[in-house]
Amino acid sequence: MKELGYEWSILEYNEYFMVKLYQARHQDILDTFNGDAFQKSKLRLSVGSFNVLLAAYLQLNMEKEAIQLIKEAHGRWGVHPDIRDFQRTMHRCMPRNTTIGKKARELISTYAFDNVETLKSNLIHLFNKRMLGDARWIYANIIKNKIKVEDTSVYQVLIKGFLDGKSPRDATMIYDDMRQAGLQPSGAICVSMLAIYAAKRDVAQAEQIIKDTVTGGYPLDELIYNQLIRVYLKSRMANKAFQVFELIQRDPNLTVNDVILNTMIDGLVINKEVEAAKVLYEQMLASHIRPDMVTYNTLLKGFIRIADYSSALDVISDMYKYKCEPDTVTFTTLLDGIFANKQPRTAQEMLDSLHKTGMQPNIYTFNAVISKFIQNHQLTEAEHAIDAMRKPPYNLKPTIHTYTNLLQGYVATNNLTKAMWTFQSILKSDHMRPDRASYHFIICAFMNHDRLDDAITCLVRMRKDKCSPTKDTWGMMLDECIRRRDWNTGAIVVRELEASGTTTALTALPNEILLYILKQFLNLDDLWRLLQVSRTFRIFALHTIYRRWKIELLPESTMKIQCRAALVALEALSCQLSTQTRQHQRDNTNKLFYHLMRREEKLHKRIVLGISSYKHKYVLIEDIDIRNRIRSAVDVIFHHAVFVTAVSRPPIRLACTHASSKNRALAAMMVRLLTRLDVAFPSCCREITFTLADNIKAFLEYTGYKLMSLSKVNKSMTQHEGEIFISACFDLMGAAFIGKILSENHVECAVQRACELLSDSYLRPIKRALLVDLLEGWLTIKRGLVASELCRWVQTEIERCDQQSSTSSSSMTVATATATTMRTTSSLYPPLSDLVSLAHLPLAS
């Protein structure tokens, strides 16, 4: 264009700058910007050009020039430096560079927010995109840089933005800061804060902000009075709400509008002042103001609640009169009232009741009636209702929703024949096609009758009809394949899932990987990695992790999930360390050992950082929150060390002198993590000890109840359910004692309680093995403990177990010698050899 004599506009320069930024030719951008052609053109920079120039300065480490550009942006070119716009530009041109975004954000917040309009523009854009974290960061940075905000409009944007983002706590905190700065609330701020006080039922604060608003010279308008009425009504203070309503009527500058009347009626109904709401409703109809749909439905619900059906019928008549067509909520409310109070036994009685209301039933009414009969398990009357709608005077054709409701009822009652007949009626119809709900219910019907092949046929036809199955449909099919262990049929389901385009990850991966997940053969570390592959794999992996390891991640906090991820990595790391530690003892130059130790140190730092990352302007609140996070971290560590690792933990070997090296390595690694937390938070060391001791105590109580319940069913099941968990707990206790996390009293109390739980004769070998492992594998490692009170007590318990075992063996020998002729294959008490072999049963998969 330049060669032909055409001058570039700012749009051409904008595209040119972005291309150069994408090519990382930052100096070319600055040369063009500072060149004679651009400077003589006196073009005003666009937002995109400004962002590219700022990025170029930062990439060339020209921070002073970048600051000058930010300061001149609004005065010279009329551009507001914007954090959100800069991030959008960087996402287009430099998507992998996150550092530059953080640096630009800091510079913009430091040097551009002196201009109130720039600050408001940034906040509005962030709140529109629900970027509440960035908005909090900007506000914290304003306080940190001691930027004085004397314009209430900034606080107005902040309060309304956080309120719309469902963060009333932040909005309240900002309002308190505004009041401390000596500013009075404006009308818009008053409206926003009254909404918060209405939710909190805080009448005192609501009345105070009204006084502050009047003191600030802001007049009270209809919006403020409407919110004040809402506060009083939600606080069950209807008399004060009426006083405010009368005040509005007396003020010549104010007008009672439909919003205020609807608020009054809704609030009075909620306060069970239905008669007062009825009077106000009649006055509303007498004026030029008309109720809205919410008011009609709320009033209808109030009349039905007190069984005033004549008034309820009047409300419905008014809806038709004023051309406000009843919606689904209206039908549902009316039918709920009729079924609850009149309890019609037949479809005809129901229709007669509707006719008395003056309502002419339409297809939506019939669908609601059919749905209510199905919910009440009256399928015969639901069928009669369908027959009635087809006949005069209605002459209505059933819709797909009608048949879907009927299908749902047949599935709930396991009536496969009628479900198939209903679905065939849909297929034969000329005016409707099956939707995914009807397909889902017919598939459920086949699955309930163990007809997986027919369900697969329906799934394939569903896909051919270009009807996308829901997540529940896919999950139900896959779960059934898992239950049957029918991997060939599962492959068909997976192929259909890939072809549906539901996920992009499955199209790039072979079916064997998904089947590998479905068979649940992956380790926890592998499944945790699959959580990061895609959303679809995340669903499968979360389901498997919960079913096998009992780790529920969805309701967890971010800190707990970070801690759990580090623990999964530590568990995988402990297996390698258990091998490398023995090699390191023979060869001090083992580089792999030091590499693994450094990895462990990094994981420890991540957990410490996750706990300490929370900052609050009040030190006391921050300290309390850190203590709560430490308790949560110790809870997660204990759960992982005892319950999660038990899945892959081998059974107790009764003749062993110490536990396997992998189990010991994992317990030691968990205690090293607790020790690191102890060092990182010296003021909270008692929290770690007491939380761990409380977890052990609660676990032993839980184990006691578990053993009591299972011993009545199957003793082998008792051993399998209890021995592995107790063994893991003993390893953790021993390692915590060596690491000085637990004291001797803590361990002694826990061991005494465990011995009480394992006092039965068939559990005595397990108890002895645990005590021997604790004594020889942990307690005697620490110097000076051989003659301690705890070691002596444990040794005494071991000797008592040996004496009881020898006594029971000799008694059985004498009984066998004196009753040789009475030997039978059935015996009341099994021999000790059977108990020993029973303890070697493998873990159930």
Side-chain angles (χ1 to χ4, degrees), residues 74 80 82 109 112-128 130-132 134-136 138-143 146-235 240-241 243-245 247-248 251-257 259-260 263:
H74 183 260
H80 293 296
D82 194 285
S109 64
F113 289 168
D114 293 336
N115 187 292
V116 175
E117 296 301 322
T118 301
L119 175 58
K120 288 166 58 178
S121 175
N122 274 266
L123 291 172
I124 291 172
H125 287 166
L126 293 175
F127 284 127
N128 287 340
R130 292 292 186 266
M131 299 169 67
L132 301 185
D134 288 333
R136 292 190 188 96
I138 286 178
Y139 184 70
N141 212 35
I142 291 174
I143 297 176
K146 298 181 180 179
I147 299 175
K148 291 185 178 180
V149 181
E150 298 179 353
D151 192 340
T152 56
S153 62
V154 176
Y155 289 104
Q156 175 182 329
V157 172
L158 284 165
I159 292 172
K160 187 177 186 305
F162 281 119
L163 182 60
D164 293 342
K166 299 181 180 179
S167 184
R169 182 180 299 178
D170 291 318
T172 305
M173 181 189 69
I174 291 170
Y175 175 73
D176 294 339
D177 292 343
M178 186 194 76
R179 297 294 292 124
Q180 290 178 5
L183 298 176
Q184 298 293 346
S186 64
I189 293 176
C190 182
V191 171
S192 298
M193 292 306 299
L194 284 174
I196 296 175
Y197 297 144
K200 296 168 61 177
R201 275 74 168 170
D202 194 340
V203 177
Q205 289 289 345
E207 293 175 344
Q208 182 61 44
I209 196 173
I210 292 292
K211 295 178 182 177
D212 295 338
T213 304
V214 174
T215 304
Y218 297 97
L220 302 182
D221 57 8
E222 290 87 349
L223 290 176
I224 296 176
Y225 279 123
N226 180 67
Q227 289 292 351
L228 184 59
I229 290 172
R230 191 183 300 275
V231 172
Y232 286 138
L233 290 174
K234 285 202 170 186
S235 303
K240 286 193 173 184
Q243 292 175 7
V244 176
F245 184 70
L247 182 63
I248 298 173
D251 194 329
N253 297 323
L254 300 176
T255 304
V256 177
N257 54 30
V259 177
I260 295 175
T263 301

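Side-chain atoms are counted along with the backbone in the values below, which use heavy atoms only and exclude waters and symmetry mates.
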Going by distance alone, is a donor N or O of one side chain under 3.5 Å from an acceptor N or O of the other, for [X] and [Y]?
X	Y	result
D176	Q180	no
D170	Y139	no
T255	N257	no
E207	Y197	no

Side-chain contact, heavy-atom cut-off 4.5 Å: [X] with [Y]?
X	Y	value
I138	F113	yes
R136	S167	yes
E222	I260	yes
I196	Y175	no
F127	D164	no

For [X] and [Y], which heavy atoms make the closest approach, and how far apart are they?
X	Y	result
A206	V231	CB-CG1, 3.8 Å
L183	E150	CD2-O, 4.0 Å
R179	P185	CD-CD, 4.3 Å
A171	I159	CB-O, 3.8 Å
T263	N226	OG1-OD1, 2.7 Å
I210	C190	CD1-SG, 3.9 Å

May I ask you to decide if A199's main-chain N or O and R201's side chain share a donor-acceptor pair within less than 3.5 Å?
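Indeed, once roles are kept as given, a pair shorter than 3.5 Å links the two residues.
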
Distance-only, no hydrogens or angles: does the T215 side chain make a donor-acceptor pair with backbone N or O of K211 under 3.5 Å?
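Checked: pair present.
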
Roughly how far, to the nearest 0.5 Å, is the [atom2] atom of [Y] from the [atom1] atom of [X]?
X	Y	atom1	atom2	answer
L158	D177	CG	CG	10.0 Å
I248	I229	CD1	CD1	4.0 Å
Q208	D202	CD	CG	11.0 Å
N122	S109	CG	OG	9.0 Å
N115	H74	CG	NE2	5.0 Å
D82	L123	CG	CG	9.5 Å

For I142 and L119, what are the C-alpha separation, side-chain angles and deciding distance, and is it a side chain to side chain contact (heavy atoms under 4.5 Å, CB included)?
CA-CA 10 Å; I142 291 174; L119 175 58; 3.7 Å; yes

Between T172 and M193, is a side chain to side chain contact (heavy atoms under 4.5 Å, CB included) present by the stated rule, with each step listed?
CA-CA 8 Å; T172 305; M193 292 306 299; 4.3 Å; yes

F245 ring center near Y225 ring center (under 6.0 Å):
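No; Y225 has its ring centre 6.0 Å or more from that of F245.
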
Take S235 and K240, measure what side chain to side chain contact (heavy atoms under 4.5 Å, CB included) needs, and give me the verdict at the end.
CA-CA 10 Å; S235 303; K240 286 193 173 184; over 6 Å; no

